[in-house]
Amino acid sequence: MENSPFAKPSKKGIILPIIFYILAVALLITAIVSLVACHQNIAMQLDQGVPVKGNELAIVNLYLTSCAQYFALAAVVTFCGIRLRRLLMTKADMAGTNLLCASNDPFDTEDTSDSQPIDSEEDDDCDLEALGFRERVTSEEDARVDNV
């Protein structure tokens, strides 16, 4: 049972989440390099005598535009990889479960050609009249009921 192809996702299903994880790592490395460069840029400006007071918005904007987007995108890509992996595992589990359930059903070998035909009106699964529903009567049936 453990060697069943339905017990674990196929190699095709493993490749795409791995690509997402590799992309997330590349984005994270880019974000860290960008953060270090941004910090060095601000440190050099402060060493040259640029005051912090009054430039807070510019400093925050520099951090947000240079590195925050890479951190956010790396988090999104990682989340997509995790969800895709879980989806593929669930899909493989469901396919294996459905196949196993279908293969365990007993096979009916009796010949049903001798049995009597089933009337389509008697084949209903529930009694709708008991639930308050009535079958619509056509005008021809009304005329037959009135003539009787």
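Counting from 1, the numbers follow the sequence of the chain as shown. No hydrogens, no waters, no symmetry mates; every other heavy atom, side chains included, goes into these values.
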At what distance, to the nearest 0.5 angstrom, does [atom1] of [X] lie from [atom2] of [Y]?
{"X": "Leu27", "Y": "Leu73", "atom1": "CG", "atom2": "CG", "result": "5.0 Å"}
{"X": "Cys80", "Y": "Ile19", "atom1": "SG", "atom2": "CD1", "result": "13.5 Å"}
{"X": "Ser66", "Y": "Asn41", "atom1": "OG", "atom2": "CG", "result": "8.5 Å"}
{"X": "Asn55", "Y": "Gln45", "atom1": "CG", "atom2": "CD", "result": "8.0 Å"}

Kindly indicate whether the side chain of Leu87, heavy atoms from C-beta on, has any atom under 4.5 Å from the side chain of Arg83.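 SC-SC contact between Leu87 and Arg83 ruled out.
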Any Thr78 side-chain heavy atom under 4.5 Å of Phe20 side chain: no
Go through Ile42 and Cys38 one step at a time and tell me if the side chain to side chain contact (heavy atoms under 4.5 Å, CB included) criterion holds. CA-CA 6 Å; Ile42 292 174; Cys38 179; 4.1 Å; yes
same_hphob_cluster(Leu23, Phe71) at 4.5 Å side-chain heavy-atom cutoff: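 Looking at the clustering, Phe71 is in a separate group from Leu23.
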From the list Leu16, Ile15, Ile14, side-chain contact (heavy atoms from CB on, under 4.5 Å) partner of Ile18 resolves to Ile14
Can you give me the closest heavy-atom contact between Ala74 and Leu28, atom names plus distance?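 Minimum heavy-atom separation between Ala74 and Leu28: CB-N, 4.1 Å.
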Looking at Thr65 and Leu62, what are the two nearest heavy atoms and their distance?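 Closest heavy-atom pair between Thr65 and Leu62: OG1-O, 3.4 Å.
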When you measure from the side chain of Glu56 to the backbone of Gly54, do you find a donor-acceptor pair of N or O atoms at a distance under 3.5 Å? yes
Under 3.5 Å donor-acceptor, Ser34 side chain and Thr30 backbone: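 No; zero donor-acceptor contacts below 3.5 Å.
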Hey, is OH on Tyr63 packed in by over 12 heavy atoms from elsewhere, all under 6.0 Å? yes
If you count heavy atoms of other groups shown closer than 6.0 angstrom to OH of Tyr70, is the number above 12? no
